[in-house]
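Below, read A as the first sequence line, B as the second, and so on, with proteins coming before strands; counting in each chain starts at 1.
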2 protein chains.
Amino acid sequence: MKLSDIIEDWIKNVLKEEQYIDLQRNELANQFNCVPSQINYVIDTRFNNSNGYYVESRRGGGGYIRITKIDYSKGEYIMNLVNSIKDNITNNETQIILNSLYKNDFATETEIKLIKVATNDKVLRLNNEIKDNVRACILKNMLINLL
Amino acid sequence: MKLSDIIEDWIKNVLKEEQYIDLQRNELANQFNCVPSQINYVIDTRFNNSNGYYVESRRGGGGYIRITKIDYSKGEYIMNLVNSIKDNITNNETQIILNSLYKNDFATETEIKLIKVATNDKVLRLNNEIKDNVRACILKNMLINLL
DNA sequence: ATATTTTTGACCTTATTTGACCTTTGAATA
DNA sequence: TATTCAAAGGTCAAATAAGGTCAAAAATAT
């Protein structure tokens, strides 16, 4: 079994019990006898947003990497939605999705407003091809974090 | 937990009850077993204006440092914030702003998560120059919608 | 044989801690 | 009154303690 998989399992094992875990990158690298950047590799490939994790970190003295598990239990609806969204989505399609989300009570009015703004055509000042792509990415990630 | 955070918490705890606090720098440094300038560091990084505090001090005999909590309304706080954000902003600066927004109770946890995700470096797959610019735009617009 | 994934390491950025040296101020002294 | 001195607080840069990035090398998979 590859080291990255072993580290992945170790972290997931902790996350079975806890909602989040705070890592010391160097300490962990030491524990698994690898270079520190391998920890980043594992995090980037196994604990990214679309895998259902949320990662924050700080540098400097007392720095840490926090991996938070996103709790899916609440929303099959939302997960279906996220999975149905392709790599690109237009402003219009987004509006429709968000309206139904609100009607179905999966988000508060402020939350919907926030998502609408972040995916809005006027706010996303980019050329068209890339815009629908960035929008899809933002939208999916935001939806996941609604859970 | 790092010392600076501990000192921060201690001060904030006093400020829960009081509108302001008068510190003796050397005495406090002594209490926390650190050099006096660390007190300045904590004040500079945690109790500055954009965090909603106002600091006055006097040197010489009978000197003191007074930290006063500013009671911003949500609207004032957010508008200040929005106006202080330039055309470009990094992921890191954004995190700091959002954390203090949450600490000041001007946004719910989900709202903060949504904004963090929408402005996140990994989600915004764009080249660096344009990324900080798009992020600033998204951030400002989302903040306004928090009102 | 080639493409993809993993491992490794050199170099970078950021946050905190520490200490040497500087400035201001009020009180005591000349 | 002018001078001096001790008691504050201020500044800044070095040392230390994290974590981040990126690309080359190695290993695996197709």
Side-chain angles (χ1 to χ4, degrees), chain A residues 1-11 20-49 51 53-68, chain B residues 1-11 20-51 54-68 88-97 99-100 120-129 131-132:
Chain A
M1 204 186 198
K2 290 165 290 196
L3 224 206
S4 288
D5 291 336
I6 294 172
I7 297 172
E8 176 188 1
D9 285 353
W10 183 88
I11 294 173
Y20 69 87
I21 179 176
D22 282 339
L23 306 174
Q24 301 297 122
R25 192 180 71 148
N26 290 316
E27 191 186 285
L28 201 62
N30 215 49
Q31 177 181 329
F32 287 105
N33 227 286
C34 63
V35 294
S37 58
Q38 178 145 20
I39 305 300
N40 295 83
Y41 176 72
V42 172
I43 288 170
D44 286 353
T45 55
R46 274 85 162 169
F47 295 94
N48 52 37
N49 238 255
N51 277 321
Y53 297 89
Y54 178 67
V55 181
E56 284 173 291
S57 67
R58 289 204 65 152
R59 308 186 187 195
Y64 61 87
I65 302 175
R66 172 170 301 181
I67 303 177
T68 307
Chain B
M1 205 186 200
K2 39 197 167 168
L3 226 205
S4 288
D5 289 340
I6 295 172
I7 298 171
E8 176 189 359
D9 285 355
W10 184 87
I11 295 172
Y20 69 87
I21 179 176
D22 283 339
L23 307 174
Q24 302 298 121
R25 192 179 72 148
N26 290 316
E27 190 187 285
L28 201 62
N30 215 50
Q31 177 182 329
F32 287 105
N33 227 285
C34 64
V35 295
S37 57
Q38 180 146 21
I39 305 300
N40 296 83
Y41 176 72
V42 172
I43 288 170
D44 286 353
T45 55
R46 274 83 163 169
F47 295 94
N48 52 36
N49 232 249
S50 53
N51 277 321
Y54 176 67
V55 181
E56 290 168 288
S57 67
R58 294 203 61 154
R59 309 186 186 195
Y64 61 89
I65 302 174
R66 173 170 299 181
I67 303 177
T68 308
N88 297 283
I89 190 167
T90 67
N91 192 48
N92 252 285
E93 292 168 324
T94 307
Q95 299 286 319
I96 292 170
I97 285 177
N99 287 339
S100 67
N120 189 80
D121 238 27
K122 301 243 168 70
V123 174
L124 250 38
R125 299 198 153 282
L126 298 163
N127 64 55
N128 279 16
E129 309 125 63
K131 182 153 52 174
D132 287 354

- Reading 5' to 3' through nucleotides 23-30 of chain C, protein heavy-atom contacts under 4.0 Å coded B for base, S for sugar-phosphate only, - for none: BBBS----
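Annotation: ring pair (Phe, Tyr, Trp, His ring centres under 6.0 Å) contacts of A:Phe47 (sequence neighbours excluded): A:Tyr53.
At a threshold of 4.0 angstrom between heavy atoms, the contacts of B:Arg66 with the nucleic acid are absent. Heavy atoms of B:Leu23 sit under 4.0 angstrom from primed sugar atoms or phosphate atoms, though from no base atom. A:Leu28 comes within contact range of no nucleotide atom at all, as no heavy-atom separation falls under 4.0 Å.
Under the side chain to side chain contact (heavy atoms under 4.5 Å, CB included) test applied with B:Val55, the options B:Ile43, B:Thr68, B:Asn49 reduce to a single match, B:Ile43.
Rounded to an integer number of Å, the gap from A:Lys2 NZ to D:dT28 P is 9 Å. Put simply, CG on A:Asn48 is 15 Å from P on D:dG20, counting in whole angstrom units. One atom, CG of A:Asp5, and another, C1' of C:dT7, lie 13 Å apart when rounded to the nearest Å. Taking atom CD of residue B:Gln24 and atom C1' of nucleotide D:dA6, one finds them 15 Å apart after rounding to whole Å. As rounded to whole Å, 10 Å separates atom C1' of D:dA18 from atom CD1 of A:Ile65. One interatomic measurement links the two molecules: CG of A:Leu3 to C1' of D:dA25, which rounds to 16 Å at whole-angstrom precision. Atom-to-atom, CD1 of B:Ile96 to C1' of C:dT13 comes out at 13 Å; the value is rounded to the nearest Å. A straight line from CD of A:Glu56 to C1' of C:dT14 spans 16 Å, rounded to a whole angstrom.
Contact detail for B:Lys131 and B:Leu124: the closest heavy-atom pair is CD-O, 3.1 Å. The two residues B:Leu3 and B:Phe32 come nearest to each other via the heavy atoms CD1-O, 3.9 Å. For B:Thr90 against B:Thr94, the heavy-atom pair with the smallest separation is O-OG1, 2.7 Å. Residues B:Arg25 and B:Ile65 approach most closely at CB-CD1, 4.0 Å, considering heavy atoms. B:Arg66 and B:Tyr64 get closest at one heavy-atom pair: N-CD1, 3.8 Å. In plain terms, the two heavy atoms of A:Gly61 and B:Lys2 that are nearest each other are O-CD, 3.4 Å.
Along DNA chain D, the nucleotide closest to B:Tyr64 and the one closest to B:Asp121 are compared, and the more 5′ of them pairs with B:Tyr64.
Near-neighbour residues of DNA chain C inside residues 35-45 of chain B, defined by a heavy atom below 4.0 Å, number-ordered: B:Val35, B:Ser37, B:Gln38, B:Tyr41.
Listed for the B:Asn30 side chain is no donor-acceptor partner under 3.5 Å among the backbone atoms of B:Asn26.
For D:dG20, one of the phosphate oxygens OP1 or OP2 lies less than 4.0 angstrom from a side-chain nitrogen or oxygen of A:Ser57.
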